[in-house]
Engineer: 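Please find one structure pasted underneath; my questions will follow.
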2 protein chains.
Amino acid sequence: MNALEGPDGKAPSLRELARDVGVSPTAVYRHFPDKQALDKALAREGLKLLGSEQSAAAKKAGGGAAGFAETGRTYVRFALAHPALFRLMFTQGRPIEDSDVPDEARALLIANTRALAGNPERAETLALQAWSIAHGIAMLMLDGRIPADDSLIERMLDTDNLFPDQGSSSEESP
Amino acid sequence: MNALEGPDGKAPSLRELARDVGVSPTAVYRHFPDKQALDKALAREGLKLLGSEQSAAAKKAGGGAAGFAETGRTYVRFALAHPALFRLMFTQGRPIEDSDVPDEARALLIANTRALAGNPERAETLALQAWSIAHGIAMLMLDGRIPADDSLIERMLDTDNLFPDQGSSSEESP
DNA sequence: AGCTAAAGTGAACAACGTAAACATAGAGAT
DNA sequence: ATCTCTATGTTTACGTTGTTCACTTTAGCT
């Protein structure tokens, strides 16, 4: 994991990863057919970690719209905390097959948007929009286009602000 | 430009670019200090092109909220049309300095959000949110996480849907 | 023509992903 | 205890990449 940490956000080389583990570069090929497969495996770990962090955050925020907003903020914070890993998770040549991904994150997203939007088609659009905003913020911050400021994350991912018609803070106190 | 086109979305190597121009790899170093500088120059070209396409699209749509929505769709379509170039434009090690960028796109974005939101602070947040959505959609589609479907772009970047409080379609027929 | 500055060249280096041939260690069966 | 098979490792080597260095070529000016 060493080569994947650090704030540099640079993609780790196969040889560097092998060095970290204390093994020759070609030994990797006993376990993975090629570098892309290695990356895929690492990406899967990352997705699992992100998913668990997100559901923990949602739970802590008490679920509902507030919890939904927290999953978004957690997404962005995760990207900033693990730049290289985050890039690896999404910048793969071809997407990870659905079956490969224990996608806690996606399930959470769908459940949340179903709850927020009445109409199921609207819910799907809402899900993709929510994902896109979080992903866009994450990417723009990683690439230095937008200040990687925690308060900015807060402000941009404010559900009351973003989806004012979907009724959010009102459901906590019925 | 040859190595930057094509649907593969792969980053072009310095040597490949040199080959395309019909020159030895080291000749490049007479014009750019290193590969990053070359990339930066190409990125600048890309940003200029994107900006002009966006303002053309906004004009054709008749300006206003409809024009704003079009700039977003144009952003995403540009990314899909020039995957490698688009990645180059944003995935640079360090961001392009503001002074370097003749940022027609950014100016357009700010003007548009100023017009949509009354409050200037709200306008800035709105601008960043709009950019993030468009960028997120573009990235997720480029990475195959979301179907690169034109009608989906349309649906996700529908301002009436996205920012219902900011009053959009009503200003066309006063 | 001759000088100078700009632009291009080829050879070489370290690092990368990967392939091929060979080595070793441990488990199970005899 | 030995033999054998399989899993895992190593060394060496190839082609590609970004980059440096020492040269050569080209173009423009006087």
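Sequence lines set the chain letters: A, B, ... in the order given, protein chains first and strands last, and positions in each chain run from 1.
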Engineer: Applying side chain to side chain donor-acceptor pair (under 3.5 Å) as the test, list every pair that has at least one member in residues 64-80 of chain B; sequence neighbours left out.
Structural biologist: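 Listed by first then second residue: Glu70(B)-Arg73(B), Tyr75(B)-Trp131(B), Tyr75(B)-His135(B), Arg77(B)-Asp150(B).
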Engineer: Report, one line per pair, each donor and acceptor closer than 3.5 Å where one atom sits in a side chain of residues 55-64 of chain A; sequence neighbours left out.
Structural biologist:
from	atom 1	to	atom 2	distance (Å)
Ser55(A)	OG	Gly51(A)	O	3.1
Ser55(A)	OG	Ser52(A)	O	3.4
Ser55(A)	OG	Glu104(A)	OE2	2.6

Engineer: For the atom pair CD (Glu121(B)) and CG (Leu126(B)), what is the distance rounded to the nearest 0.5 Å?
Structural biologist: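 One gets 12.0 Å once the value is rounded to the nearest 0.5 Å.
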Engineer: Report for the helix from dA1(C)-dT30(D) to dT30(C)-dA1(D): angle between first-end and last-end helix axes, five pairs each, rounded to 10 degrees.
Structural biologist: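 For the helix from dA1(C)-dT30(D) to dT30(C)-dA1(D), the axes at either end differ by 10°.
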Engineer: Does any residue of residues 26-35 of chain A have a heavy atom under 4.0 Å from DNA chain C, and if so, which ones, in number order?
Structural biologist: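 Only Thr26(A), Tyr29(A), Arg30(A), Asp34(A), Lys35(A) qualify.
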Engineer: Counting C-beta onward and ignoring hydrogens, is there a side-chain heavy-atom pair between Leu128(A) and Thr113(A) closer than 4.5 Å?
Structural biologist: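 No, every pair of side-chain atoms sits at 4.5 Å or beyond.
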Engineer: Would you mind reporting whether Pro12(A) and Asp20(A) have side-chain heavy atoms less than 4.5 Å apart?
Structural biologist: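 No, every pair of side-chain atoms sits at 4.5 Å or beyond.
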Engineer: Ignoring hydrogens and angles, tell me if any N or O in the side chain of Arg114(A) forms a donor-acceptor pair with the backbone of Pro120(A) under 3.5 Å.
Structural biologist: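 A pair under 3.5 Å: no.
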Engineer: Does any non-hydrogen side-chain atom of Met141(B) lie less than 4.5 Å from one of Ile137(B)?
Structural biologist: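 Side-chain contact under 4.5 Å: yes.
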Engineer: Should Ile110(A) and Leu50(A) be regarded as members of a common hydrophobic cluster, given that ILVMFWY residues are connected when their side-chain heavy atoms come within less than 4.5 Å of each other, either directly or indirectly?
Structural biologist: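 Different hydrophobic clusters.
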Engineer: For DNA chain C, note the earliest and the latest nucleotide, 5' to 3', having some atom under 4.0 Å of a heavy atom belonging to chain A.
Structural biologist: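 Footprint of chain A along DNA chain C, 5' to 3': dC16(C) to dA21(C).
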Engineer: Both Arg15(A) and Ser24(A) contact DNA chain D. Taking the nearest nucleotide for each, which residue is further toward the 5' end?
Structural biologist: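 This one resolves to Ser24(A).
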Engineer: Check the distance between dG18(D)'s C1' and Leu38(B)'s CG and give it to me in whole angstrom.
Structural biologist: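 Atom-to-atom, Leu38(B) to dG18(D), this comes out as 12 Å.
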Engineer: Indicate yes or no: at least one non-hydrogen side-chain atom of Phe90(A) is less than 4.5 angstrom from one of Met139(B).
Structural biologist: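 Counting from C-beta outward, Phe90(A) and Met139(B) never come under 4.5 Å.
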Engineer: If you look at every strand shown and take non-hydrogen atoms under 4.0 Å, does Ser13(B) touch a base, only sugar-phosphate, or nothing?
Structural biologist: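 If one applies the 4.0 Å heavy-atom cut-off, Ser13(B) turns out to touch the sugar-phosphate alone, with no base involved.
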Engineer: Got a sec, which residues hit side chain to side chain donor-acceptor pair (under 3.5 Å) with Asp34(A), two or more places apart in sequence or on another chain?
Structural biologist: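 Once residues adjacent in sequence are excluded, Asp34(A) has no partner under the side chain to side chain donor-acceptor pair (under 3.5 Å) criterion.
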